[in-house]
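Everything numeric here is computed off the predicted structure, so don't read it as measured data.
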Amino acid sequence: MTPAAENASRLRSWWGWGYQDAQPDDAECLALGALLPGTLARPLPVPRVADLAVGRPAVTPPPSLARLVSDDPGDRAAHAMGKAYRDIARALRGRPGRIPDLVARPTGDREVADLLDWAGAHEVAVVPFGGGSSVVGGVEYRGDAHRAVLSLDLTPMDRVLEVDPVGRSALIQAGALGPVLEDQLRPHGLTLRHFPQSFEFSTLGGWLATRAGGHYATGRTRIDDFAQSLRVVTPAGTSASWRLPASGAGPSPDRLFLGSEGTLGIITEAWMRVQERPRHKASAALAFTDFRRALDAVRAIAQTDLAPANCRLLDPGEALFSGASKDGTSVLVLGFESATGPVDDRLAAAVELARDHGGRVRADTSGGGAVGAWRSAFLRMPYLRDGLARMGAVVETFETAATWDRIPALIDAVRAEVGAAARTATGQPATVNCRLTHVYPDGAAPYFTVAVAGRPGDEVAVWDEIKAAATDVLHRHRATITHHHAVGRDHRPGYDRQRPEPFALALRAAKGALDPHGILNPGVLLD
């Protein structure tokens with residue numbers, strides 16, 4: 001049985017990450033809470049849709065579209081928000097925000113266009129929805145409370161329509177979840193090789209619309225690198241770019257829609273560059289007593305042509321939390337893979353570079369040990385976040401990218417200033433951990449985790465205070481507001497400060513031309 005088929009019968013959590021049966025039980029929540037001073041004495045109850053005030057829909061679709069639309073309260077609640085900490089905390093307190101009036105599930109371009117035509121004629125806000133894994137407020141509506149809202153769920157459009165083995169490309173519908181599209185590519189011996197942490201619960205269209213980053217640390221790290229051409233349905237018509245290996249014909253039409261987060265159009269399918277499935281793999285973990293020297297080691301590796309698939313540096317706190325290290329050392333997880341030949345020599349060369357900067361090879365890295373512990377923790381981490389949230393803790397992440405000359409000072413400033421903001425907001429000791437998720441010859445992407453006991457009933461406000469401090473630090477150090485989580489509604493203040501005003505002017509003009517009624521994901525990227 002394929003992974004997608006195996007999970008098809010499992011129930012998704014409407015309020016938290018992933019599957020209901022994988023959520024921590026009360027006993028695990030209590031154990032997690034014991035690790036963080038000041039948390040609740042017992043976990044908050046798992047929220048129920050029956051306890052929400054889900055009103056009657058404010059709008060009715062025409063008979064021609066009724067078969068595509070659901071007004072079921074549970075369905076609507078599950079489409080009300082994404083899976084950021086803010087979303088989890090609001091759901092636990094019975095305040096999920098604006099619940100959409102309707103959920104539509106089109107099966108093709110024509111139906112998408114018909115839904116947009118109807119929404120435009122009735123000024124219905126349309127919020128595109130893939131797997132619902134957004135952690136930046138990208139799939140919820142925060143506008144006029146009197147405006148009707150339609151959640152446009154693309155997941156029925158989930159097929160690999162065509163495979164070109166000669167050009168190693170595949171035409172894939174945008175609603176395909178990660179396991180679904182990989183199951184369809186597997187018989188061809190091919191893979192898209194894009195594995196974000198949300199892989200099970202996010203779609204190709206979501207990856208493209210948010211310029212998602214995958215698991216791999218170097219080389220093709222972002223979904224942009226795999227996109228060959230896009231088909232996008234907009235209120236002004238359908239945009240279908242040519243399938244080409246490269247082109248210098250003016251500004252790229254695909255670049256306009258990559259990262260547009262459903263504000264300019266609905267991505268319905270894409271030709272994607274695929275590759276042979278890897279057959280050769282090797283990994284190792286190295287411990288460092290000096291985090292600065294570990295940063296130098298990662299930079300040295302990134303500036304070679306070794307191209308590790310994984311080059312993830314965990315600071316001591318992150319290494320402890322993941323189980324990769326318990327002795328206060330930082331851990332560098334290295335991994336190599338190839339479809340064509342052994343990778344042991346490349347791993348050995350990277351290990352030698354790390355040793356030159358004070359790294360010590362750990363002896364417990366063959367499939368288990370530090371590498372296995374990190375891999376397991378990586379997949380389990382969002383569930384643990386939900387368990388801590390039930391204990392009243394504020395546990396959230398944010399990521400960024402900066403050039404190497406700014407990285408050390410940036411990390412130090414985030415640890416100090418964001419930690420201080422968390423302590424000020426709660427009166428409790430706070431933890432701020434860091435790991436590098438993606439590395440480039442000219443810079444890296446630090447990923448931070450913040451954990452602190454919240455103010456009971458006021459956890460969202462606490463996080464908003466911490467997030468404001470983090471945004472200010474990133475801006476001062478000229479670090480991007482987001483490396484791979486998109487902008488959504490939560491990152492808008494930072495995005496508005498980062499983007500050049502002439503570009504904002506051009507983006508507003510494109511929005512006006514493609515979405516004249518302003519129905520597509522209002523409040524994302526633009527007012």
Side-chain angles (χ1 to χ4, degrees), residues 68 104-120 124-131 134 138-139 150-162 169-177 181 192 194 202-212 222-244 246-247 249-273 486-488 503 506-526:
L68 305 174
R105 291 183 171 85
T107 61
D109 284 16
R110 182 68 264 167
E111 293 172 354
V112 172
D114 290 345
L115 286 162
L116 294 184
D117 287 345
W118 167 72
V124 176
V126 178
V127 179
F129 195 98
S134 171
V139 295
L150 173 74
S151 178
L152 191 65
D153 188 325
L154 275 290
T155 51
M157 300 171 62
D158 66 352
R159 309 310 301 162
V160 173
L161 300 174
E162 187 177 344
S169 303
L171 177 61
I172 308 172
Q173 290 184 304
L177 292 160
L181 70 85
L192 181 58
H194 184 77
S202 54
T203 63
L204 173 64
W207 302 340
L208 293 165
T210 61
R211 298 184 67 195
R222 309 179 62 84
I223 198 65
D224 315 33
D225 302 321
F226 298 98
Q228 195 177 55
S229 70
L230 304 182
R231 185 174 181 85
V232 187
V233 177
T234 82
T238 297
S239 170
S241 61
W242 286 15
R243 180 188 166 212
L244 296 166
S247 174
S252 165
D254 296 332
R255 291 285 166 181
L256 178 64
F257 295 108
L258 286 166
S260 62
E261 300 190 46
T263 62
L264 303 179
I266 309 297
I267 299 170
T268 59
E269 61 186 49
W271 274 100
M272 303 298 296
R273 298 178 176 95
V487 174
F503 176 76
L507 188 59
R508 284 191 286 269
K511 173 72 169 176
L514 295 172
D515 182 21
H517 298 291
I519 62 172
L520 290 174
N521 222 2
V524 171
L525 299 183
L526 298 160

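When all heavy atoms are compared, the tightest approach of Thr210 to Ala486 is CB-CB, 3.5 Å. In plain terms, the two heavy atoms of Trp242 and Ser229 that are nearest each other are O-CB, 3.4 Å. The minimum heavy-atom distance between Ile267 and Phe257, with the atom names listed, is CD1-O, 4.2 Å. A pairwise comparison of heavy atoms in Leu115 and Ala104 identifies CD1-CB, 3.8 Å as the closest pair. Nearest heavy atom pair, residue Thr203 against residue Ala174, reads CB-O, 3.4 Å. Taking both residues in full, the closest heavy atoms of Ser134 and Gly138 are given as OG-N, 3.0 Å, listed atom of the first, atom of the second, then distance.
Put simply, the side chain of Arg211 never gets that close to the backbone of Arg222: no donor and acceptor are under 3.5 Å apart. Panel note: side chain Asp254, backbone Leu230; a donor-acceptor pair is recorded below 3.5 Å. Panel note: side chain Glu261, backbone Leu525; no donor-acceptor pair is recorded below 3.5 Å. In this structure a side-chain-to-backbone donor-acceptor pair under 3.5 Å is present from Arg273 to Ala227.
Taking the side-chain contact (heavy atoms from CB on, under 4.5 Å) definition, one finds that Ser202 meets it with Ser133, Pro196, Ser198, Trp207, sequence neighbours left out. Not counting sequence neighbours, the partners of Leu161 by the side-chain contact (heavy atoms from CB on, under 4.5 Å) test are Arg159, Leu171, Gln173, Glu269.
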For this session: For the pair Leu68 and Asp114, evaluate side-chain contact (heavy atoms from CB on, under 4.5 Å) and give the outcome as yes or no after the intermediate values.
Result: CA-CA 11 Å; Leu68 305 174; Asp114 290 345; over 6 Å; no
For this session: Determine, stepwise, if the pair Leu181 / Met272 fulfils side-chain contact (heavy atoms from CB on, under 4.5 Å).
Result: CA-CA 11 Å; Leu181 70 85; Met272 303 298 296; over 6 Å; no
Problem set entry | Criterion side-chain contact (heavy atoms from CB on, under 4.5 Å) on Ile266 and Leu152, from CA distance to verdict | CA-CA 9 Å; Ile266 309 297; Leu152 191 65; 3.9 Å; yes
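Between the side chains of Arg243 and Gln228, a donor-acceptor pair is found at a separation under 3.5 Å.
With rounding to the nearest 0.5 angstrom, the CG atom of Leu264 is 9.0 Å from the OG1 atom of Thr234. Summarising the geometry, atom OG1 belonging to Thr238 is positioned 7.5 Å from atom CZ belonging to Arg110; distances are rounded to the nearest 0.5 Å. The line from CG of Leu204 to OG1 of Thr268 is 10.5 Å long, rounded to the nearest 0.5 Å.
In this structure, Arg255 pairs ionically with Asp224, as a charged nitrogen and a carboxylate oxygen lie closer than 4.0 Å.
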Identify each donor-acceptor pair in which a side-chain atom of residues 506-517 lies under 3.5 Å from a protein atom, sequence neighbours left out, and give them as a table.
from, atom 1, to, atom 2, distance (Å)
Arg508, NH2, Glu501, OE2, 2.5
Lys511, NZ, Thr263, O, 2.8
Lys511, NZ, Asp515, OD2, 2.7
Lys511, NZ, Leu520, O, 2.8
Asp515, OD1, Gly518, N, 3.4
Asp515, OD1, Ile519, N, 3.1
Asp515, OD2, Ile519, N, 3.1
Asp515, OD2, Leu520, N, 2.9

